[in-house]
Amino acid sequence: MISQILNIYIDRRDFFIDLTIQHLEISMTAIIIAAVLGLILGVIISEYEKSSSFVLGVVNFIYTIPSISLLGILIPFSGIGNSTAIIALTIYGLLPIVRSTYTGIKNINPIIIEAAEGMGSTRFQILYKIKLPLAVPVIMSGLRNMVVMTIALAGIASFIGAGGLGVAIYRGITTNNEAMTMAGSILIAVVALIFDTILGIIEKSLDKKGNKKYKVKRKIIYTISSILILAIMITSVLNIKSEKNTIKIATKPMTEQYIIGEMMSSLIENKTDLNVELTQGFGGGTSNIQPAMEKEEFDIYPEYTGTAWNNVLKKKGIYNESMFLQLQDAYNKDYKFKWIGMYGFNNTYGLAIRKEIADKYNIKTYSDLAKYSNNLVFGAEYDFYEREDGFNDLSKAYGLKFKKNVELDIGLKYKAIKNKDIDVMNIFTTDGQLNTSNIVVLKDDKNFYPSYMCGNVVRKEIIENHPEIKEVLLELNNKIDNKEMSKLNYEVEVEGKEPKVVANEFLTERGLLK
Amino acid sequence: MISQILNIYIDRRDFFIDLTIQHLEISMTAIIIAAVLGLILGVIISEYEKSSSFVLGVVNFIYTIPSISLLGILIPFSGIGNSTAIIALTIYGLLPIVRSTYTGIKNINPIIIEAAEGMGSTRFQILYKIKLPLAVPVIMSGLRNMVVMTIALAGIASFIGAGGLGVAIYRGITTNNEAMTMAGSILIAVVALIFDTILGIIEKSLDKKGNKKYKVKRKIIYTISSILILAIMITSVLNIKSEKNTIKIATKPMTEQYIIGEMMSSLIENKTDLNVELTQGFGGGTSNIQPAMEKEEFDIYPEYTGTAWNNVLKKKGIYNESMFLQLQDAYNKDYKFKWIGMYGFNNTYGLAIRKEIADKYNIKTYSDLAKYSNNLVFGAEYDFYEREDGFNDLSKAYGLKFKKNVELDIGLKYKAIKNKDIDVMNIFTTDGQLNTSNIVVLKDDKNFYPSYMCGNVVRKEIIENHPEIKEVLLELNNKIDNKEMSKLNYEVEVEGKEPKVVANEFLTERGLLK
Amino acid sequence: MSDNTIIEMRNINKTYDNKVIINDLNLNINKGEFITVIGSSGCGKTTVLKMINGLNTPDRGEIFINGENIKNENIIELRRKIGYSIQGTSLFPHMTIEKNISYVPNLINKKDKDEVKKSVSKLIKVVGLEESILNRYPEQLSGGQQQRVGIARALAAQPDILLMDEPFGAVDEITRKQLQDEIVRIHKELEVTIIFITHDIKEALKLGTRVLVMDKGEIVQFNKPEVIKKHPANDFVRELVL
Amino acid sequence: MSDNTIIEMRNINKTYDNKVIINDLNLNINKGEFITVIGSSGCGKTTVLKMINGLNTPDRGEIFINGENIKNENIIELRRKIGYSIQGTSLFPHMTIEKNISYVPNLINKKDKDEVKKSVSKLIKVVGLEESILNRYPEQLSGGQQQRVGIARALAAQPDILLMDEPFGAVDEITRKQLQDEIVRIHKELEVTIIFITHDIKEALKLGTRVLVMDKGEIVQFNKPEVIKKHPANDFVRELVL
Ligand SMILES: Nc1ncnc2c1ncn2[C@@H]1O[C@H](COP(=O)(O)OP(=O)(O)OP(=O)(O)O)[C@@H](O)[C@H]1O
Ligand SMILES: Nc1ncnc2c1ncn2[C@@H]1O[C@H](COP(=O)(O)OP(=O)(O)OP(=O)(O)O)[C@@H](O)[C@H]1O
Ligand SMILES: [Mg+2]
Ligand SMILES: [Mg+2]
C-alpha cells in the first residue's frame with residue numbers, strides 16, 4: 001500500500017502539486033477570512049453580552065448545515081469555484097473561532113480589566129491592549145482547531161470544481177482506487193500538521209515570557225509565513241492576470257457538449273493566440289452556467305435555442321426558429337450576450353420507431369404514426385408520462401393511442417426496442433444510439449416540440465476584445481447536422497473514445513484543422 | 001417551501017421521530033465518550049507537557065481523515081451500524097475537547113497553582129480541586145463546539161446504516177427532494193441548538209458566582225439531562241432486548257442476493273413466529289458481512305462456495321464442489337457457522353458466445369471455442385484483461401487466440417454482442433441479461449473457474465435456538481438453477497420489478513407460499 | 001462648597017448583599033490637599049476611593065469633581081487625570097515593567113516616545129528601583145517591587161488627582177521613608193491632590209494635610225493631623241493614635 | 001547543628017538571569033522559635049521562605065528539615081506540615097472562604113466534617129472576621145479581609161512550621177495588634193515554629209524570639225531582638241531600628 005501511494009506521488013507529481021496549491025489557496029483564504037471575521041464577531045459578543053446567545057446561535061445553526069446543502073445554497077449567489085468553496089469554509093470556520101474569542105475574553109481576571117479601566121482606557125484600548133493579548137492562548141486554541149478543520153474540510157471544494165486535494169480523495173473513492181484516496185488524505189493531513197506546527201511556534205513566540213531564542217524563531221516564522229501568504233496572493237493575482245488572454249468556455253454535462261467544447265477549444269487555440277480554459281460538464285447546466293456567464297466567470301458556452309427561450313429568457317410558449325431574431329434581440333438587450341455560430345443540429349425531443357414497422361406502414365411523421373398507433377407498443381421512462389408537456393399532451397395533439405404503454409428505465413429503452421419489446425419510443429434527436437439502431441426518427445409535423453438548435457452564447461465584450469474569435473466560431477456554422485452529431489455521440493458513448501479525440505478527428509476530416 | 005417542510009413533518013412524523021431518536025442516541029453516546037476521553041487526554045498532555053505535541057498531532061491527523069475513509073477503515077473492526085458511527089464521531093470529537101482542556105489548564109494563573117502546591121496538594125488534588133474547576137470556562141467552550149459539531153456530523157451515520165437524520169438529508173439529496181433535505185437539516189440544527197442551550201445553562205450554573213436562582217435551575221437541568229441520558233440508555237437496552245426473537249439476515253449488494261434475501265425473509269416470517277431484520281446490499285459484501293457475522297450482528301447470509309473458500313477461509317487453489325465437505329468442516333471449526341440450504345445455482349465467471357456462431361461451428365465448451373477462436377472477436381471490460389486469473393491465464397489454459405480483443409465498458413457488453421460488434425465475451429453465469437439475449441453460455445470443461453454455488457451461511461447458535469429455521473431454509477434447497485436465477489435477475493434488472501415482488505411471485509408459483 | 005473644592009461626595013450610600021457598606025457619606029476635598037485615609041480593614045476605604053474614579057458607583061448620592069457631577073462627565077477623560085495606585089498589585093501581566101509604567105502616556109498617545117521613555121526612567125528611580133528591571137515582566141519581581149511599579153504607573157499620567165490605596169504596604173521601612181519623601185515632594189511640586197489610604201497611623205499623620213478616619217462605612221473624624229492627635233473624636237480614634 | 005534544629009539551610013545560592021539573589025546563605029532555626037525576618041524590598045526574603053517548602057529550589061546548597069534533606073523527602077507530606085501564608089493574597093478564586101480555609105484539612109481527608117467546620121469557625125474568629133463571610137467568594141472581600149483569610153488557611157493545617165510572608169501588611173493597626181496577640185498565643189500554645197517576614201521593625205522586634213535581618217541576599221544579623229536593638233551589626237540595621 002505504502003509503495004503504491006509513493007508511486008502515485010511520483011507518477012502524478014504535477015497533479016498532486018497542483019491540487020495541493022489549490023487546496024492551500026482555498027483553505028488559507030478561508031482561514032484568514034474566518035479568523036478575522038470570527039475574531040470580530042467574538043469581540044462584539046464579548047463586549048455586547050446580550051448579542052452573544054443570538055450570534056452564537058446563528059453560528060451554531062449555520063455550522064449544522066450539511067456541506068452539500070450549503071454549497072447548493074451558495075451557488076446561486078457566488079457561482080461556482082473558489083469563491084463558493086471559500087465562503088462555505090469560512091462559514092464553517094466561524095464556530096470555533098467566535099466561541100474561543102468570546103471565552104478567551106470573558107475568562108480574563110476582572111481585576112486586571114478594572115485596573116485598565118481605572119487608568120482611563122477607552123473600551124477599544126482595553127480591548128486591544130489588555131483583553132486581546134490576554135485572550136491569546138484561548139483564541140489560538142480555537143484558531144488552531146479551526147485551521148485543522150478547514151484544511152480537512154477543504155476537500156469539499158472538489159464538489160464544485162474548485163479543485164484541491166478533495167479531487168484526489170473523491171476520485172479515489174469513486175474509482176475504487178484506495179491508494180489515490182490515501183494519497184490525498186495523507187497530503188491533507190500533512191498540510192494540516194505543518195500549519196498547526198507553524199501556529200504552535202507563532203503562539204509560543206507570542207507568549208509574554210518569550211525569550212531571545214524564540215524571538216529569533218519568531219522572526220523566521222513570520223518571514224516564512226509572510227512569504228507563504230504573499231506567494232499565495234501573488235499566485236492568485238497571476239492566475240487572474242493570466243486569465244486576461246484566456247477564453248473561458250463552459251459546457252453542460254452532455255456528451256455532445258463535451259465534443260463541441262473540445263472542438264471550440266482546439267480551433268481557438270490553433271487559430272488565435274488565445275488560451276482556452278475549458279470547464280467541461282458544468283454541474284447544473286444552464287441554470288448554473290447562465291449566472292456564471294453574467295458574472296463573467298465564463299465567456300462562451302453552447303446553448304440550445306429552445307432552452308434559451310424558455311429557461312433563460314423565461315418566455316412562455318413553444319419556440320420555433322422563426323423566432324430566432326427575437327431571441328437574439330432579447331439576449332443582446334438583457335445580457336449583452338450574442339449568439340455566434342449555429343452548429344446545425346437540433347437536439348429536441350422526438351419519437352423513434354422500429355424501421356421494420358416504419359417501412360411496413362410507411363410511417364414518416366407523427367401524424368402517420370397516429371393512424372397505426374393502436375397496433376403498437378410505446379415505451380418511455382417514467383418521467384415522460386408524468387411531465388406536463390409529456391405523453392398526455394403529445395397524445396392529444398396527434399391523437400395517439402397505443403396498444404400498450406410501457407414504463408422503462410431510460411438506459412434500457414434502446415435495448416427494449418431492439419428486442420422488439422416496444423415499437424415506438426421517445427428519444428432525443430441526437431442520441432448516439434440512434435446512429436446504429438435499426439430505428440427511424442419521425443417528423444414532428446405539427447411542430448409539437450420546440451426547436452432546440454445548438455449555438456454558442458458569447459459575451460459581447462469578448463468579441464469586441466478578440467474579434468478573431470467570431471471568425472473561428474463561425475467556421476463550425478452549420479457543419480454538424482443531427483445525423484453527424486448522433487454519430488459523434490455514438491463514438492464517445494458506445495465506442496468509448498475520448499471526446500477530444502472525436503472532436504479532433506472531426507475537425508481534421510473536415511479540413512478545419514491540419 | 002416552508003409549508004412543504006411542515007407537511008413532510010406532519011406526513012412522516014414517525015419517520016422523523018425515529019430518525020431523531022437514532023440521531024440523539026448516536027451523537028449523545030459519541031459526545032459523552034469523546035468528552036470523557038478528550039478530557040483525560042487533555043489532562044494528560046497538560047500534565048506531561050512533552051507528550052502534548054505528539055498527542056495533539058495524532059488528534060489533528062485523525063481529524064483530517066475524510067469521513068468516508070474513516071468509516072471504511074473502521075468497518076472491519078467494529079462492523080456496521082451504531083458502533084462504527086459512534087467511534088468515528090468520537091474520533092472527530094476529540095480535537096476540540098482535547099485542545100480546550102489543554103489550553104484551559106495551561107491558562108490558569110500560575111500563582112494560584114503555586115499556592116495549592118505550597119499547601120501540600122498532590123498532583124491529582126491540584127488537578128481536580130484547582131486546575132479543572134478553573135479551566136471550566138475554556139473546557140466548556142470546547143465542549144459546546146464539540147457538541148454542535150458532533151450533532152451536525154452525525155449525519156454520516158446514515159452512510160453505514162446507523163440511521164439518524166442524515167437518512168433524511170441524503171435521501172433528499174439523492175432523490176432531489178429539497179424539502180426532505182431541509183427538513184432533516186433543520187431538525188439537526190434544532191437538536192444542536194437545544195443541546196447547546198442546555199450546556200449554556202449548565203455552564204452558568206457551574207459558575208462560581210452561582211447564586212440561588214441558578215442553583216434551582218441547575219437542579220432542573222441535571223434532572224432533565226440525567227433523565228434524557230437514562231432514557232437513551234434504556235432505549236438502547238430495549239433495542240437489544242427486542243432483538244431476541246429477530247433473525248438478522250444480510251445480503252450482498254447484488255440483485256440475486258436481494259431476491260434471495262426477500263425469499264428467506266418471507267418464508268421465515270410466514271412459517272415461523274420469528275421476525276426478520278433484513279439488511280439488503282450490505283456495503284463491502286463478504287469482507288464486511290463475515291466480520292459482522294462473527295460479531296453476531298447478523299445471523300444468516302447467502303454466500304458462494306468459491307468465495308467462502310478463497311476469501312473467508314483464505315485457502316489457495318481453485319475450489320470445486322468435491323471440496324464442499326472440507327468447506328463445511330472448516331466453517332464448523334473456525335466459525336461455528338453452518339451451510340444450510342444450497343439454492344442450486346452457480347454464479348461463476350463464464351464465457352458466452354453468439355448463438356448464431358455456436359450453432360454454426362457447434363461450439364459447446366471452452367475447448368470447442370479454442371478451435372475457432374482465431375475467427376472471433378472477444379470483448380471484456382478492462383479489468384478482465386488486467387486481472388491475474390483473467391484473460392491471460394484463461395487463454396493459456398485453453399489455448400484461446402482471438403482475432404481481436406476489444407475492451408468494453410461492462411455496461412455495454414451485452415449491447416455489443418447483440419450488435420455483433422463482438423462474438424464472445426466474459427459473463428457471470430446468472431446475469432439477468434443472459435435470459436433474453438441470443439447467446440449461449442459455454443461449458444468450462446477444464447474447470448478453469450472455481451465453483452460458486454450459492455447457499456446460506458448460518459450461525460449454529462441460531463439453529464440450536466430455532467431449529468425451525470433449518471427446515472425453512474431447506475425448502476429452497478436446489479430450487480433455483482442458473483437459468484431460473486438469471487430469469488429472476490432479469491425481472492428485476494430489466495423489467496424493473498421490486499426484488500420483493502419477484503421473490504414472492506416465485507415462492508407462490510412454486511407453492512412455497514400461499 | 002467653596003470654589004476650591006476639587007472632590008465632593010454627597011449622601012453616598014452603598015450596599016452589598018443587603019449589608020450597608022457606606023452609610024450617608026459626605027466629603028469635601030480641596031484642590032492641592034493631601035488626604036490620608038485610615039480605618040479598620042473592611043470599613044469601606046477602597047469602596048469610597050473607587051467611587052471617585054467611577055470604578056464603583058454609589059447606590060445613592062452624587063459625586064462632583066471640579067464641580068461637575070461625574071455621572072455627566074466623560075469618565076474616560078476624567079480617569080486619565082486621576083492617577084490610581086491599586087491596593088495589592090494589578091500590574092498587567094503581559095506587559096514589561098516599562099510598558100506597564102508607560103501605559104497611560106501611551107493611551108493618551110503621546111507621540112514623543114523619547115519623552116515617555118525618559119519619564120519612565122525618572123519614575124522608576126523615584127520609586128527606588130533600578131532601570132534594569134524595566135524589561136522584566138511583573139511575575140519576575142518581588143511583592144514590594146511590584147507595588148512600587150504600581151505607584152510609578154499611577155504617577156506616569158501626571159494626574160491632577162492621585163488615588164493611592166495602601167501604596168507602601170509591602171515595602172520595607174527604609175524604602176518607605178524614601179517613598180514618603182518622594183510623594184511629599186511630588187505633592188508640593190505638581191500641586192496634585194492626593195487621597196492616600198494607609199494602615200500606618202504615623203504615616204497618615206505625617207503625610208496628610210488632613211486625615212480622614214473611617215469606621216464601619218462612616219467618617220469618624222476628618223481633620224488636620226494635629227487636631228486628630230490632640231482631640232480624637234472618639235475611642236476608636238483615640239486607640240488608633242495611641 | 002543541635003538536636004533541636006528544625007530547619008537548616010547550608011550554603012544556599014540562587015541566581016536569576018545571571019543576577020545573584022541569594023549568596024551563600026546559612027541558617028539554623030530551632031524547634032519552637034519565632035523568627036521574624038526583615039530586610040529591604042527585593043532582597044530575597046520570599047525566595048528563602050519558598051525554599052523551605054520546596055516551591056523554590058536553590059541553585060546550590062542543601063536544606064534540612066528535622067535533619068532530613070528535603071530533596072529526599074516526600075515533599076507533599078512535608079508541605080502539609082508547613083503552613084504557608086502567601087505574600088499578597090492568592091486565595092482560590094473559585095472556592096468560598098470556607099472552602100479556602102478548609103482546603104488543607106480536606107486534602108488530608110479529615111473524615112470528620114463537623115470538626116473541620118468547627119475549626120473553620122474558630123479560625124475565622126481568630127483572624128477577626130465574621131462567620132457571615134464564610135459563604136462569600138474571595139473577590140467579595142476587602143484586601144485586608146482576604147489577607148486574613150489567607151492566614152486562617154495557613155493555620156488550618158495545624159502545622160509544625162508556619163511560614164508567614166508579610167501576613168499583616170494590609171490590615172489596620174488595631175486589627176494588627178489583635179492578630180499579633182493571636183499569633184503569639186498560637187505560637188506558645190501549639191509550640192509551632194514560625195518564620196515571619198515583615199516590614200514593620202517594631203513588629204519584628206516585638207514578635208520574634210530571634211530577628212533575621214537580610215540585605216542584598218545575605219544575612220546581616222540574626223539575633224535576639226534585644227541584641228539587634230542594642231548592637232546593630234551595621235549601618236543598615238542601625239537605620240532600621242531607629
Ligand atoms: N522569576 C524571576 N526572575 C527574575 N528575577 C526574579 C524572579 N523572581 C524574583 N526575582 C528577583 O529576586 C529578588 C528577590 O525576590 P524576593 O521575592 O525574594 O524578594 P523579597 O525579599 O520577598 O522582596 P519583597 O519584600 O519586595 O517581597 C528580587 O530582586 C526580584 O526582582
Ligand atoms: N463584591 C462584594 N460583595 C460583597 N461585599 C463586598 C464586595 N466588595 C466589598 N465588599 C465588602 O465591602 C466592605 C468594604 O470593602 P472595602 O474593600 O472598601 O474595604 P477597605 O476599607 O478597603 O478594607 P481593607 O483595608 O481591608 O482594604 C468589606 O466589608 C467587604 O467585605
Ligand atoms: Mg481596601
Ligand atoms: Mg517578598
Side-chain angles (χ1 to χ4, degrees), chain C residues 16-17 19 21 37-47 86-90 127-130 132-133 135-136 140-148 165-166 168-179 197-204 213-215 235-242, chain D residues 16-17 19 21 37-47 86-90 127-130 132-133 135-136 140-148 165-166 168-179 197-204 213-215 235-242:
Chain C
Y16 278 122
D17 301 335
K19 227 188 108 190
I21 302 296
V37 183
I38 197 160
S40 50
S41 166
C43 73
K45 305 178 295 295
T46 301
T47 307
I86 297 157
Q87 184 175 22
T89 30
S90 336
V127 296
L129 292 171
E130 289 168 22
S132 66
I133 69 157
N135 288 324
R136 289 207 218 155
Q140 295 171 318
L141 297 191
S142 80
Q145 289 168 336
Q146 286 184 25
Q147 194 174 41
R148 284 179 278 163
D165 200 347
E166 304 187 27
F168 306 153
V171 295
D172 62 290
E173 304 256 335
I174 295 167
T175 311
R176 189 167 193 144
K177 273 175 205 154
Q178 290 166 2
L179 288 174
I197 301 178
T198 177
H199 283 309
D200 185 342
I201 183 71
K202 275 195 296 179
E203 189 172 67
V213 185
M214 278 184 75
D215 191 23
D235 285 355
F236 178 78
V237 187
R238 193 167 302 124
E239 197 180 342
L240 261 184
V241 293
L242 262 185
Chain D
Y16 278 122
D17 301 334
K19 226 188 109 193
I21 301 298
V37 183
I38 197 158
S40 50
S41 166
C43 72
K45 304 178 294 297
T46 301
T47 309
I86 298 157
Q87 184 175 23
T89 29
S90 337
V127 296
L129 293 171
E130 290 167 22
S132 66
I133 69 158
N135 289 324
R136 289 208 218 154
Q140 295 170 318
L141 298 192
S142 81
Q145 290 168 336
Q146 286 183 25
Q147 194 173 42
R148 285 179 278 162
D165 200 345
E166 305 187 27
F168 306 154
V171 295
D172 60 292
E173 305 256 335
I174 295 166
T175 311
R176 189 168 192 143
K177 273 173 205 155
Q178 291 165 2
L179 289 174
I197 301 178
T198 177
H199 282 311
D200 186 343
I201 182 71
K202 275 195 297 177
E203 189 171 67
V213 185
M214 278 185 74
D215 192 24
D235 284 355
F236 178 77
V237 187
R238 196 167 298 123
E239 198 179 341
L240 260 184
V241 293
L242 262 186

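A quick note: this is a predicted structure, and the numbers were derived from the prediction, not measured. Numbered from 1 within each chain, the chains take letters A, B, ... in sequence-line order.
For chain D, the nearby parts of C:Q145 are the backbone and the side chain; heavy atoms of each come within less than 4.5 Å. If you measure heavy-atom distances from C:K45 to chain D, you find no contacts under 4.5 Å at all. For a residue to count as touching a neighbouring chain, one of its non-hydrogen atoms must lie under 4.5 Å from one of that chain's; by this rule C:S142 touches chain D with the side chain only. Looking at C:Q87, only its side chain comes within 4.5 Å of chain D, counting heavy atoms on both sides. Residue contact with chain D, scored on non-hydrogen atoms closer than 4.5 Å, is absent for C:T46.
Of the inter-residue distances, the one linking D:D17 atom CG with C:I133 atom CD1 reads 12.5 Å to the nearest 0.5 angstrom.
Qualifying salt bridge (charged side-chain N to carboxylate O under 4.0 Å, His left out) partners for C:D200, counting only residues two or more places apart in sequence or in other chains: C:R176.
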Which donor-acceptor pairs under 3.5 Å do the side chains of residues 235-242 of chain C make with protein atoms, sequence neighbours left out?
{"residue": "C:D235", "atom": "OD1", "partner": "C:R238", "partner atom": "NH1", "Å": "2.7"}

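Closest of all the heavy-atom pairs between D:S41 and C:D172 is N-OD1, 2.8 Å.
Considering only heavy-atom pairs separated by less than 4.5 Å from chain D, the leading option among C:K19, C:E173, C:E166 is C:E173. Taking chain C as the reference chain and counting heavy-atom pairs below 4.5 Å, the highest number among D:G128, D:G143, D:C43, D:G44 is found for D:G143.
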